[in-house]
2 protein chains.
Amino acid sequence: MSDTKHRRQGLGEPAERDLDQRKATILQAVVSRYIGTAQPVGSQQIAGAAGVSSATVRAEMAALEGDGYLTQPHTSAGRIPTDKGYRFFVDHLARPGVLGQAQRQQVSQFFDQVHGEMEEMLERASGLLADLTSYAAVVVGPGHESAEVRSVQLVGLEPRVALLVVVLADGAVEKRTVDLGEDTPDAVLDGAAAALQSQFCGHALSTLAPIAQTGDPSCDRVLARVEDVLARRGEDDQYDHVFVGGPSHLALAFDAVETVRGVLGILEQEMVVVNLLREVLGRGLSVAIGTEHGYEPLASCAVVVAPVSVEGYEGGAVGILGPTRMNYPEALAAATLVSDGISERLAGLPVVGGSASRSDLHRPRSGAGAKGTNAQATTSSRMRVKGGRGRARG
Amino acid sequence: MSDTKHRRQGLGEPAERDLDQRKATILQAVVSRYIGTAQPVGSQQIAGAAGVSSATVRAEMAALEGDGYLTQPHTSAGRIPTDKGYRFFVDHLARPGVLGQAQRQQVSQFFDQVHGEMEEMLERASGLLADLTSYAAVVVGPGHESAEVRSVQLVGLEPRVALLVVVLADGAVEKRTVDLGEDTPDAVLDGAAAALQSQFCGHALSTLAPIAQTGDPSCDRVLARVEDVLARRGEDDQYDHVFVGGPSHLALAFDAVETVRGVLGILEQEMVVVNLLREVLGRGLSVAIGTEHGYEPLASCAVVVAPVSVEGYEGGAVGILGPTRMNYPEALAAATLVSDGISERLAGLPVVGGSASRSDLHRPRSGAGAKGTNAQATTSSRMRVKGGRGRARG
DNA sequence: ATTGGCAGTCGGTAGACTTGACTGCCAGAC
DNA sequence: GTCTGGCAGTCAAGTCTACCGACTGCCAAT
């Protein structure tokens, strides 16, 4: 339903077909004022701006209410926008937002100065985005499914426990404890590690299903354990990279304490947050208003999402979560700015300090291409899995 | 267990010296009722329970107010406890709390079923603790300063960028990007890694200051870079292991939205949270009420802290953050239960699955001893650095 | 020392009333 | 036809009053 409207824009129909010019102007005025003041907007307030009398505005407002764009909290109160009203505003009326000079500088300064590991950068970026907008922000890092394995290591921690450490080309490190079942000398671990190394290096972690046997029974036993462990990965790993910034802003964004409680509760569930962002992005929406995303507890929220793309494919997202009467233009501008910054930064990672050398220079084009398609597949299958609980992971 | 209580009692002074028996009873009744109802408590409400008339209670209440244990929101209202009142309650009046059967089972079930990496366990434990108490919970994992290094590795990511990966005996993996400055072949990296490995393995990461040179200039250049990177560690790393659970509970814990906003804002700053817990633990307090901890924005909060000890030294903590009128006995019981569970679990880590083998069996006693002293030193120096204000309470 | 009684204080609630900001409708002007 | 001004009606919110109820503090009696 919501996609429908979004699609319409592409069909070449003028935006004013659904709503004549004056209605659109009035709707825009109502939404703008309501976003600013959080108070119902009366006909007199916008009579001047619209260039017509309040009576005319009233008539138009009544029509808009009839069409579902506006509503009244009670008779004899002004109008407030419905979700549909916000939707129309975002799709057709909102002028591209511009951040203030100070804010833009804050962003560029952030990305100039930021350094260190990706996780830390993403975390701080979520804080930045929250600061910029005064709403809660969510940053999801790109998954590592498509990154090449650079190193595989098995480190013995205890006689029968080892740690599998995988280093990926993007600088990520995945670790997993492996219960070996019986005491295993380091030599065997080293042998197994060498076998793993030769099989995994240069490939994406997700493309490897079976581990080839070596012939050495004790070594193969270890490899089997490793395979078990790797098979169990997936699910949880996707949610390792969620960073929520500035949830405290939400305390002031809603008047009902219960709403605050509910929304914060949702934000605590990283899994839900990630799926929410993915769904919104997956529908080609960058804004989900009210119930458009289908999460009941967030019915009074709007979500603005911008993709983070690295090397052409989308691997992550930044999102802004606020009340439906959020400042959409500003939020969209902020989300875009930050997501662009992150994308750029990630393309330059992993480099410490300032001078970012494009990693393309170091990686074969073909490799990047393969990554791209792979990531696409992974992403869309994720979507499918999420929605219908379709096939178990193969 | 509140050390303060024990200390006071240890002095041989009866707890009733500060407050006679009846005042104590009345104070206890007021605190208990206020914790339950959040409403000011009048003299009649507790006249029956105290076995005296309301007039007598009033007189005693007036005395308690004069001594600073109670206060009135306004004339003609009942009394509510002051921070001092809560403090006396916690130290002398609170009966050791007992969690309900269901809750105890929830905890034991959690620790029976929990598996996987330490971080995940701690994170979920914070959620558990929040669920148990309906307040916000904080879990800080033990630092890795004292853990033996098991493996050091340098993985080339790009020609002039490598990733330093250090695996510790407790299963933790630290990674750090190293800007090599110039293109460096893998052979050199391997050589440097071997040198690092031989120097670091078996020692705690924190005990190593200078890295010995090898004689090979290109290798030493890499080592110098690594040393730089290691020198910059510290500070930030301590805050990697903070897990905040159930902050949404705070939305309902305070009536003023501004307070909620402020407290949530504090919780977002991991650094502050960690220092808060450390200070509270460092003072020998397990409960900090109101302004006792010195963080103004948390003046309307109380913090319950229990240490997480592994192999005898304290390496982490669990905390509960709630309003000053929190249920202290229950919170103390829950914090203790969960911290014990974590301690036990950590002693058994890193083991996947259920059967936890005490790691003592695998590690030399001497090593554990060295760890202990080392950790002590690190911990206390931390305290000194942070607090700066000797022992205010004691 | 304790108690019951009594006066005083003050927040909270309920009701009546007013105010103000709306809307909807309609008749008249353009 | 469309737009406008005017008018009546509606309703939330604010004000004022009165009153109730839950307190406390004080005091005299036990």
Side-chain angles (χ1 to χ4, degrees), chain A residues 16 19-82 85 254-256 325, chain B residues 16 19-82 85 255-257 325:
Chain A
E16 290 73 21
L19 242 41
D20 66 42
Q21 181 60 48
R22 197 170 60 188
K23 283 195 181 61
T25 308
I26 288 173
L27 178 57
Q28 172 166 35
V30 171
V31 174
S32 301
R33 288 187 101 93
Y34 186 69
I35 284 174
T37 65
Q39 295 298 322
V41 180
S43 56
Q44 294 191 31
Q45 290 181 42
I46 51 180
V52 291
S53 79
S54 66
T56 310
V57 174
R58 280 199 289 280
E60 297 286 39
M61 279 175 152
L64 283 168
E65 183 168 3
D67 291 345
Y69 293 99
L70 296 178
T71 189
Q72 285 180 286
H74 56 82
T75 339
S76 90
R79 286 348 198 265
I80 62 178
T82 61
F254 303 96
D255 32 1
R325 56 149 225 291
Chain B
E16 290 74 20
L19 239 42
D20 67 43
Q21 182 61 48
R22 196 170 61 188
K23 282 197 180 60
T25 307
I26 288 174
L27 179 57
Q28 172 166 33
V30 172
V31 174
S32 301
R33 287 188 101 94
Y34 186 69
I35 284 175
T37 65
Q39 295 298 321
V41 181
S43 55
Q44 294 190 29
Q45 290 182 42
I46 50 180
V52 292
S53 78
S54 66
T56 309
V57 174
R58 279 199 290 279
E60 298 285 40
M61 278 177 154
L64 283 169
E65 183 168 3
D67 290 344
Y69 293 99
L70 295 178
T71 189
Q72 285 180 287
H74 56 82
T75 339
S76 90
R79 282 356 195 259
I80 62 177
T82 61
D255 33 359
V257 205
R325 57 148 224 291

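Numbered from 1 within each chain, the chains take letters A, B, ... in sequence-line order.
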Inset, instruction - Could you name each residue pair satisfying ring pair (Phe, Tyr, Trp, His ring centres under 6.0 Å) that touches residues 36-60 of chain A, not counting sequence neighbours? - result: none
Legend entry - ring pair (Phe, Tyr, Trp, His ring centres under 6.0 Å): pairs with one or both residues in residues 36-64 of chain A, sequence neighbours excluded: none
Legend entry - Non-hydrogen side-chain atoms of Ile46(B) and Met61(B) separated by less than 4.5 Å: yes
Inset, instruction - Measure the shortest side-chain to side-chain distance between Gln21(B) and Thr25(B) over non-hydrogen atoms and say whether it is less than 4.5 angstrom. - result: yes
Check side-chain hydrogen bond (donor to acceptor under 3.5 Å, both in side chains) between [X] and all other residues, then give those that pass, not counting sequence neighbours.
| X | answer |
| --- | --- |
| Glu65(B) | Arg79(B) |
| Ser54(B) | Arg58(B) |
| Gln44(B) | none |

Grab the N/O contacts between the protein and nucleotides 24-26 of chain C below 3.5 Å, and write none if there aren't any.
unit_1  : atom_1 : unit_2   : atom_2 : d
dG24(C) : OP1    : Arg79(A) : NH2    : 3.0
dG24(C) : N7     : Arg58(A) : NE     : 3.3
dG24(C) : O6     : Arg58(A) : NH2    : 3.2

Inset, instruction - For nucleotides 13-18 of chain C, just jot down a letter per nucleotide in 5' to 3' order: B, S or -, based on protein non-hydrogen atoms under 4.0 Å. - result: ------
Inset, instruction - Give the B/S/- string for nucleotides 8-21 of chain D, one per nucleotide from 5' to 3', where a protein heavy atom under 4.0 Å of the base yields B, of only the sugar-phosphate yields S, and otherwise -. - result: --BBS---------
Inset, instruction - Give a yes/no on whether any side-chain N or O of Gln45(B) is located under 4.0 angstrom from OP1 or OP2 of dC23(D). - result: yes
Spacing of [X] atom [atom1] relative to [N] atom [atom2], expressed in whole Å:
| X | N | atom1 | atom2 | result |
| --- | --- | --- | --- | --- |
| Ile26(B) | dT24(D) | CD1 | P | 11 Å |
| Arg33(A) | dA21(C) | CZ | C1' | 14 Å |
| Ile46(A) | dT23(C) | CD1 | C1' | 13 Å |
| Leu70(A) | dT23(C) | CG | P | 10 Å |
| Gln44(A) | dT4(D) | CD | C1' | 14 Å |

Inset, instruction - Hey, could you give me each pair passing side-chain hydrogen bond (donor to acceptor under 3.5 Å, both in side chains) that has a residue in residues 67-76 of chain B? Not counting sequence neighbours. - result: none
Could you give the side-chain donor-acceptor pairs of residues 29-41 of chain A under 3.5 Å, partners two or more places apart or in another chain?
unit_1   : atom_1 : unit_2   : atom_2 : d
Ser32(A) : OG     : Gln28(A) : O      : 2.8
Arg33(A) : NE     : Gln45(A) : OE1    : 3.3
Arg33(A) : NH1    : Gln45(A) : O      : 3.4
Thr37(A) : OG1    : Arg33(A) : O      : 3.0
Thr37(A) : OG1    : Gln39(A) : N      : 3.1

Inset, instruction - Kindly say whether Gly68(A) contributes a backbone atom to a donor-acceptor pair with the side chain of Thr82(A) at under 3.5 angstrom? - result: yes
Inset, instruction - Could you list the residues that satisfy side-chain contact (heavy atoms from CB on, under 4.5 Å) with Ser53(B), not counting sequence neighbours? - result: Ala55(B), Thr56(B)
